[in-house]
Student: 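To start, I am sharing the structure in question, which I have written as structure tokens.
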Amino acid sequence: MAPSAAQRIVIENCAIATVDADDTEYASGHIVIADNRIESVGPGKAPEGLADVVRRVDATGHLVTPGLVNTHHHFYQWITRGLATDHNLFDWLVALYPTWARIDERMGYAAAQGSLAMMARGGVTTAMDHHYVYPRGAGDLSGAIIRAASEMGVRFTLARGSMDRSEKDGGLPPDFAVETLEGALAATEETVRKHHDASFDAMTQIAVAPCSPFSVSTELLKEGAQLARRLGVRLHTHGSETVEEEKFCHELFGMGPTDYFESTGWLGEDVWMAHCVHMNDSDIAAFARTGTGVAHCPSSNARLAAGIARVPDMLRAGVPVGLGVDGTASNESGELHTELRNALLINRLGAHREAALNARQALRLGTYGGAQVLGRADQIGSLEAGKLADLVLWKIDGIGHSSIADPVTAIVFGAAAPVTASFVNGEQIVENNRLLTVDEDAIARSARDEARRLARIAAGA
């Protein structure tokens, strides 16, 4: 039987920022989606005579960009927002670990729904979650998170985290909040084998992700890296986030975080790390030499007073850099599109001042840079023929943006632009800033109820 013809969606009359290698842009152009792929993108109207066109979108007054790619998050924190608001990282972790260690599957699902909904309605088409808290008896937390992403229709990477260094071992998590080395490795391998999809158009992928140098043993880092490479998946962790972490690594291991990571097999093209705030020239050179990626989380870094990451220096050295929301207990808004603006503004407070980042570099961090960091730059992150149809229509003719002549400047420097439509894998998941795939009001109620239930359980413990 002959294969069925591709169904096409035609989007026309829009400004387009492709974020391709040449930063190609069109003041008025078109995009043709065929099933789940971009078939063509270019100036002016779409080609005449296209067959099987099921929908035409007049996108006058819009900028179309690749969908945003989030490279670091902790979904479970959606139900512990607004706590420990005046703490640095270590004090914040000590304050919140006892509460986080009491989450269960129902809470994890509700928190994942809330985190995903906030990102997706703001232009995120590829999300990730670094989940590392697995209390005994909590149920299938990984499965609940993956189910929430699947129901929303978002492309997703679960970084299956773990902790095995508790307070009795000199770490920060309470003793009852960690796994054993053997248990963490076995559960991680099971998650990869059950859920990871290595195909071009995969909607769900898994990474191996021990939490941080101060919450996991050297053995877990080394064996986690070996496991990831044996299974052919990526590696993720936190690195060089604070001066306290730098001190911790020198006291415990006799070296800084980057050298410690290199000694455990944690630098390479298949690795990305969150934050990387306190990096010297040698650290940046090591990341560039090995192709190790960075998830830059400007709002969380500011919220926890961690410092300003040297993003301009990383980019000049050739380090892959994407953007991350980070957990919403350290970035209560949970929106990645605001990170475009915050990345640009906060980096201009650093040594490079006004030359640190421009609008197009910020947009690249949130799209192609994120795709690089997740190992999916051949599939997503730019608008090019053959790539997956993950794209966003930003409304820029309203009061917030109409007087800014340059569309990219409008969405980066201006207020958060409304999302008229967001497509993932060729399927529309957002219309006029509302999710089409799930009930936002029901998610809000569920998240509130689970946050209150967790607070009651933690208070009574």
Side-chain angles (χ1 to χ4, degrees), residues 17 19 65-75 115-116 118-130 154-157 159 207 234 236 238-241 272-277 279 287 292-304 306-315 319-328 330-350 356-377 380-382 390-392 394 408 411-414 416-417 419 422:
V19 199
T65 71
L68 300 184
V69 179
N70 184 47
T71 62
H72 187 65
H73 210 318
H74 308 294
F75 289 176
S115 295
L116 285 159
M118 203 66 191
M119 286 188 295
R121 69 201 295 270
V124 168
T125 56
T126 298
M128 74 78 68
D129 182 31
H130 184 192
V154 173
R155 206 176 297 283
F156 181 57
T157 294
R234 297 181 73 73
H236 180 59
H238 297 87
S240 302
E241 185 173 0
W272 86 103
M273 296 190 196
H275 302 294
C276 300
V277 174
M279 303 265 284
F287 272 51
T292 306
V294 172
H296 176 45
C297 306
S299 294
S300 177
N301 294 344
R303 157 73 149 87
L304 295 173
I308 302 172
R310 295 174 59 187
V311 172
D313 296 325
M314 294 178 193
L315 294 176
V319 176
V321 182
L323 290 181
V325 169
D326 202 8
T328 47
S330 67
N331 176 1
E332 276 72 7
S333 77
E335 297 178 300
L336 190 69
H337 61 319
T338 60
E339 299 304 303
L340 301 175
R341 186 173 193 262
N342 289 346
L344 183 148
L345 297 180
I346 289 174
N347 279 282
R348 288 189 177 189
L349 295 174
L357 291 177
N358 61 38
R360 281 159 179 82
Q361 287 174 309
L363 178 60
R364 180 171 288 275
L365 289 176
T367 53
Y368 188 81
Q372 278 186 299
V373 162
L374 295 184
R376 305 202 66 174
I380 59 173
S382 61
D390 294 6
L391 52 94
V392 180
W394 307 93
V408 175
I411 68 164
V412 174
F413 279 86
V419 174
S422 183

Student: Where do Gly307 and Asn301 come nearest, in terms of heavy atoms and distance?
Tutor: O-CB, 3.5 Å
Student: Applying side chain to side chain contact (heavy atoms under 4.5 Å, CB included) to Thr126 and Phe156, what does each step give before you reach the verdict?
Tutor: CA-CA 6 Å; Thr126 298; Phe156 181 57; over 6 Å; no
Student: What pairs of residues pass the side-chain hydrogen bond (donor to acceptor under 3.5 Å, both in side chains) test when at least one of them lies in residues 365-375, not counting sequence neighbours?
Tutor: none
Student: Mark yes or no for whether Arg310, through its side chain, and Met279, through its backbone, hold a donor-acceptor pair below 3.5 Å.
Tutor: yes
Student: Show the numbers, then the answer: is there a side chain to side chain contact (heavy atoms under 4.5 Å, CB included) between His296 and Asn347?
Tutor: CA-CA 11 Å; His296 176 45; Asn347 279 282; 3.2 Å; yes
Student: If you apply the rule side chain to side chain contact (heavy atoms under 4.5 Å, CB included), what do you find for Cys276 with Met314, and how did you get there?
Tutor: CA-CA 10 Å; Cys276 300; Met314 294 178 193; 4.0 Å; yes
Student: Hey, are the side chains of Gln361 and Pro312 touching, using non-hydrogen atoms and a 4.5 Å cut-off?
Tutor: no
Student: At what distance, to the nearest 0.5 angstrom, does CG of Leu304 lie from CD of Glu241?
Tutor: 6.5 Å
Student: Working to the nearest 0.5 angstrom, can you tell me the gap between Ser115 OG and Glu335 CD?
Tutor: 12.0 Å
Student: Is Asn331 reaching over with its side chain to a backbone N or O of Val325, donor-acceptor style, under 3.5 angstrom?
Tutor: yes
Student: Between OG1 of Thr65 and CG of Leu391, what distance do you get to the nearest 0.5 Å?
Tutor: 8.0 Å
Student: For the side chain of Arg234 and the backbone of Ala159, is there at least one donor-acceptor N/O pair under 3.5 Å apart?
Tutor: no
Student: If the test is side-chain contact (heavy atoms from CB on, under 4.5 Å), which one of Thr71, Leu68, Val321, Val69 qualifies with Leu365?
Tutor: Val321
Student: Return yes if some donor-acceptor pair links the side-chain N/O of His74 with the main-chain N/O of His130 below 3.5 Å, else return no.
Tutor: yes
Student: Applying side chain to side chain contact (heavy atoms under 4.5 Å, CB included), run through Arg121 and Val419 and close with a yes or a no.
Tutor: CA-CA 7 Å; Arg121 69 201 295 270; Val419 174; over 6 Å; no
Student: Work out which heavy atom in Ala362 is nearest to a heavy atom in Val412; give both atom names and the distance.
Tutor: CB-CG1, 4.0 Å
Student: Between the side chains of Asp129 and His73, does any donor sit under 3.5 Å from an acceptor?
Tutor: no
Student: Determine the minimum heavy-atom distance between Ala302 and Ile346, stating which atoms define it.
Tutor: CB-CD1, 4.2 Å
Student: Ignoring hydrogens, what is the shortest heavy-atom contact between Ala343 and Leu323? Give both atom names and the distance.
Tutor: CB-CD2, 3.9 Å
Student: Any chance you could measure Asp390, atom CG, to Arg155, atom CZ, to the nearest 0.5 Å?
Tutor: 4.0 Å
Student: Of all the heavy-atom pairs spanning Trp394 and Gly122, show the shortest one and how long it is.
Tutor: CH2-O, 3.4 Å
Student: How many angstroms lie between OG in Ser333 and CE in Met118, if you round to the nearest 0.5 Å?
Tutor: 6.5 Å
Student: Under a 3.5 Å distance rule, please check whether Glu339 uses its side chain to pair with a backbone N or O of Ser299 as donor and acceptor.
Tutor: yes
Student: Considering non-hydrogen atoms only, spot the tightest contact between Phe413 and Ala359 and give its length.
Tutor: CE1-CB, 3.9 Å
Student: How long is the straight-line distance from NE2 of His238 back to NE2 of His236, given to the nearest 0.5 Å?
Tutor: 6.0 Å
